[in-house]
Q: 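Here's a structure for you.
Worth knowing before you read on, the calculation uses all heavy atoms, side chains too, and leaves out hydrogens, waters and symmetry mates.
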Amino acid sequence: MTPRIRKHWIRIYERRTGYGLYVGTPSAGLTRQPLDHESRLVSRSYIAAQRRLDKVLGTKRVPWSMTFRLDDPRSSPVVAYGSHMELTAEQGQSGIIFLHAVELSHPDLLHACVDGMVTFLSNAGIRELRRVVLDAATDKTDGGSAAALIASQLEDLVAECPADEGWRPGGRLSIKSIEQDCAGAASLAWLTFALQQTRVMAPWEVYDLLRDGSNVITATSSPYADHLRASDIQRESLWHYLGEAAGAETPISPPPEQENPPPAGPADVLVEFPSGPASEPDKPARAAEEPKPRRAARATFKALAPFAPWILMGCLVLLFIYTSNRQHERLLKALNQLTVGIAPSPTVASTPSGGGTSSSQSGQQSRPESQTNPQLLLLIAELFSPDRGVRYAAIGRLRLDKASHGELILPAIEYARQRQDNLDGLENTLIVFEAIDPVILRNHRDLILAFTSDIQGRHPRIDYMATRLASSLNAP
């Protein structure tokens with residue numbers, strides 16, 4: 001299957017070398033390229049998107065911004081996002097601007113890419129992204145590894161988003177600008193324009209801009225006329241589902257014209273969609289039809305109300321039985337592992353008496369997994385579970401249970417060595433190790449370094465985590 005993202009451009013700051021531009025893909029590798037210089041690998045569309053984001057983020061009034069554009073009918077869209085991040089002042093540098101742009105393999109993937117980026121910039125995603133970027137800015141890791149990790153994480157999210165070929169037939173949008181005047185407005189504006197601009201003929205551009213004393217505005221260069229507020233779009237969506245009539249909209253002033261608009265062209269032409277009546281006049285009819293199902297639903301709820309306590313009690317009993325069965329199944333699995341046992345890794349084998357290690361220390365390091373706390377073994381196994389929720393719960397419990405950290409490292413490495421094809425489990429093991437006290441980690445320094453060396457090269461995220469862990473162990 002052809003990858004959805006053809007190329008990444010990531011501009012990231014490194015304290016020793018300044019800003020660097022990394023170009024490529026995680027599978028083929030990212031190479032450092034000259035900044036602000038158009039070449040075979042750095043397209044003119046990326047340079048234009050970079051300038052657009054630098055202009056907005058340089059004001060320090062918005063923490064995140066997005067832009068996307070299609071400059072040539074024979075090419076694919078370029079989608080870019082960026083952030084201004086505060087940094088402890090070093091050598092006159094008080095803040096950095098991080099940029100990440102991608103070129104898509106097909107124009108119909110525009111909405112899927114923007115959808116993936118919006119998910120990437122969720123609360124949890126932003127925290128992880130800031131940590132990776134600031135690690136590179138403070139020499140905790142190198143920019144190339146950080147860029148590969150970020151590119152890989154975004155590709156995984158974009159791959160999960162469904163492709164959308166544009167707005168429904170007969171319901172073509174004609175939005176010129178959306179004012180970000182409410183919570184969640186930025187994501188709403190970016191996703192709305194991604195739907196509208198799919199299959200719009202080039203050239204066109206979508207970008208954020210600022211006006212003095214007002215909200216951020218997301219606008220397009222296409223010759224449309226509708227100027228909306230994000231709050232109005234949210235209310236309209238709510239009315240659509242509730243069957244209420246839309247209220248009167250207060251007109252807003254259009255955004256200022258951009259300084260360097262793209263060349264004029266048939267940017268408002270949508271191809272491959274049949275013509276038909278607009279869908280907007282249908283809304284009053286739908287509004288009149290929807291109260292009837294609601295009345296039927298209320299009647300059903302009223303009839304079932306006397307039985308609500310018994311229904312609730314039955315659900316709780318079924319939930320208890322289901323949870324008990326799951327726990328019983330996990331416990332049997334852990335006990336089965338204890339019975340069969342796992343062969344100790346050669347790295348953990350005891351060293352000869354002449355190697356400078358006492359026999360008691362050697363015996364402690366090579367202790368078989370069957371002598372480990374069964375509950376601890378169960379949590380280690382859950383780090384490799386196919387269920388994301390089970391994995392996350394195991395990570396949280398292992399990181400917080402500091403009393404078990406002393407006996408966790410050996411069985412965790414033994415378990416991970418035999419499941420090196422489970423990339424989620426390897427990454428989760430490294431995440432748990434990062435929460436262990438450095439003194440405990442250094443007691444097993446050689447074993448951990450051998451483990452991180454063995455799993456290098458399997459995935460950019462694993463490489464990044466292994467490099468961080470190894471660097472902390474090698475630090476004086």
Q: Side chain of Ser152, backbone of Ala148: donor and acceptor closer than 3.5 Å?
A: no
Q: So, the side chain of Thr220 versus the backbone of Val206: is there a donor-acceptor pair under 3.5 Å, distance only?
A: no
Q: With a 4.5 Å cut-off on side-chain heavy atoms, are Phe98 and Tyr81 touching?
A: yes
Q: Is it the case that the side chain of Gln196 and the backbone of Ile175 share a donor-acceptor pair, with hydrogens and angles ignored and the cut-off at 3.5 Å?
A: yes
Q: Could you measure the distance from the CZ atom of Phe193 to the CG atom of Leu188? Nearest 0.5 Å is fine.
A: 10.5 Å
Q: Indicate the atoms forming the closest heavy-atom contact of Gln33 with Val23, along with that distance.
A: CG-CG2, 3.6 Å
Q: With a 4.5 Å cut-off on side-chain heavy atoms, are Leu426 and His459 touching?
A: no
Q: Taking all non-hydrogen atoms of both residues, which atom of Val158 and which atom of Gly116 are closest, and how far apart?
A: CG2-CA, 4.1 Å
Q: If only side-chain N and O atoms count, and only distance matters, is there a donor-acceptor pair under 3.5 Å linking Ser177 with Glu179?
A: no
Q: Can you name the residues that form a ring pair (Phe, Tyr, Trp, His ring centres under 6.0 Å) with Phe384, not counting sequence neighbours?
A: Tyr415
Q: Identify whether the distance between the nearest side-chain nitrogen and carboxylate oxygen of Glu382 and Arg397 falls below 4.0 Å.
A: no
Q: I'd like to check the salt bridge (Lys or Arg N to Asp or Glu O under 4.0 Å) partners of Asp463; sequence neighbours left out, ordered by chain and number.
A: none
Q: Using the side-chain hydrogen bond (donor to acceptor under 3.5 Å, both in side chains) criterion, which residues pair with Arg6? Sequence neighbours excluded.
A: none
Q: How many angstroms lie between CD1 in Ile462 and CG in Leu149, if you round to the nearest 0.5 Å?
A: 10.5 Å
Q: Do the non-hydrogen side-chain atoms of Ile96 and Val133 ever get within less than 4.5 Å of each other?
A: yes
Q: List in chain and number order the residues that pass side-chain hydrogen bond (donor to acceptor under 3.5 Å, both in side chains) with Arg399, two or more places apart in sequence or in another chain; answer none if no residue qualifies.
A: none
Q: Name all residues meeting the side-chain hydrogen bond (donor to acceptor under 3.5 Å, both in side chains) criterion together with Ser27; count only those two or more places apart in sequence or in a different chain, and write none if there are none.
A: Thr25
Q: Over all heavy atoms of both residues, which pair between Leu57 and Ser83 is shortest? Give the atoms and the distance, please.
A: CD1-N, 3.4 Å
Q: Filter on side-chain hydrogen bond (donor to acceptor under 3.5 Å, both in side chains), then keep only pairs touching residues 118-137, sequence neighbours left out; what's left?
A: Glu128-Arg131, Asp135-Tyr464, Asp135-Arg468
Q: For His405, give me all partners under ring pair (Phe, Tyr, Trp, His ring centres under 6.0 Å), at least two apart in sequence or on another chain.
A: none
Q: Side chains of Val432 and Leu408: does their closest heavy-atom pair fall under 4.5 Å?
A: yes
Q: Got a sec, which residues hit salt bridge (Lys or Arg N to Asp or Glu O under 4.0 Å) with Asp401, two or more places apart in sequence or on another chain?
A: none
Q: Could you tell me which residues satisfy side-chain contact (heavy atoms from CB on, under 4.5 Å) with Ser187, sequence neighbours excluded, listed by chain and number?
A: Val118
Q: His100 versus Met117: any side-chain heavy-atom pair under 4.5 Å?
A: no
Q: Check whether any side-chain heavy atom of Glu155 lies under 4.5 Å from a side-chain heavy atom of Pro3, and answer yes or no.
A: no
Q: Indicate yes or no for a side-chain donor-acceptor contact from Gln420 to the backbone of Arg417 under 3.5 Å, with no hydrogens or angles considered.
A: yes
Q: For Ser76 and Glu103, indicate whether the former's side chain and the latter's backbone hold a donor-acceptor pair under 3.5 Å.
A: no
Q: May I have the step-by-step check of side chain to side chain contact (heavy atoms under 4.5 Å, CB included) for Ile448 and Thr452, ending in yes or no?
A: CA-CA 6 Å; Ile448 296 174; Thr452 57; 4.3 Å; yes
Q: For the CG atom of Leu449 and the CG atom of Leu469, what is their distance to the nearest 0.5 Å?
A: 7.5 Å
Q: Do the side chain of Asp115 and the main chain of His111 share a donor and acceptor less than 3.5 angstrom apart?
A: no
Q: Step by step, would you call Phe451 with Leu430 a side chain to side chain contact (heavy atoms under 4.5 Å, CB included)?
A: CA-CA 10 Å; Phe451 173 63; Leu430 296 174; 4.0 Å; yes
Q: Do the non-hydrogen side-chain atoms of Leu157 and Cys161 ever get within less than 4.5 Å of each other?
A: no
Q: Begin from the C-alpha positions of Leu376 and Leu398 and carry the test side chain to side chain contact (heavy atoms under 4.5 Å, CB included) through to its verdict.
A: CA-CA 8 Å; Leu376 185 60; Leu398 287 173; 3.6 Å; yes
Q: Donor-acceptor pair, Trp9 side chain versus Leu99 backbone, under 3.5 Å?
A: no
Q: Without swapping roles, check the side chain of Arg229 against the backbone of Asp181 for a donor-acceptor pair under 3.5 Å.
A: no
Q: Taking only residues two or more places apart in sequence or in another chain, which ones pass salt bridge (Lys or Arg N to Asp or Glu O under 4.0 Å) with Glu427?
A: Arg461
Q: Quick one: side-chain hydrogen bond (donor to acceptor under 3.5 Å, both in side chains) partners of Ser145, sequence neighbours excluded?
A: Asp142
Q: Do Ile380 and Thr429 pass the side chain to side chain contact (heavy atoms under 4.5 Å, CB included) test, and can you show the C-alpha distance, the side-chain angles, and the key distance before you say yes or no?
A: CA-CA 8 Å; Ile380 292 173; Thr429 302; over 6 Å; no
Q: Hey, does the side chain of Arg52 reach the backbone of Ala80 with a donor-acceptor pair shorter than 3.5 angstrom?
A: no
Q: Within this structure, what is the CZ-CG distance for the pair Arg15 and Leu134, rounded to the nearest 0.5 Å?
A: 12.5 Å
Q: Which heavy-atom pair separates Ile97 from Asp54 by the least distance, and what is that distance?
A: CG2-OD1, 3.8 Å
Q: To the nearest 0.5 Å, tell me how far Leu21 CG sits from Thr31 OG1.
A: 8.5 Å
Q: Where do Ala112 and Arg4 come nearest, in terms of heavy atoms and distance?
A: CB-NH1, 3.4 Å
Q: Does Arg391 reach the main-chain N or O of Ser385 with its side chain, forming a donor-acceptor pair under 3.5 Å?
A: yes
Q: How far does CE of Met66 sit from CG of Leu53, to the nearest 0.5 angstrom?
A: 9.5 Å
Q: Would you say the side chain of Asn474 lies within less than 4.5 Å of the side chain of Arg445, judging by non-hydrogen atoms?
A: yes
Q: Mind checking what makes salt bridge (Lys or Arg N to Asp or Glu O under 4.0 Å) contact with Asp437, not counting sequence neighbours?
A: none
Q: What's the shortest heavy-atom distance between Val78 and Ala101, and which atoms?
A: CG1-CB, 4.4 Å
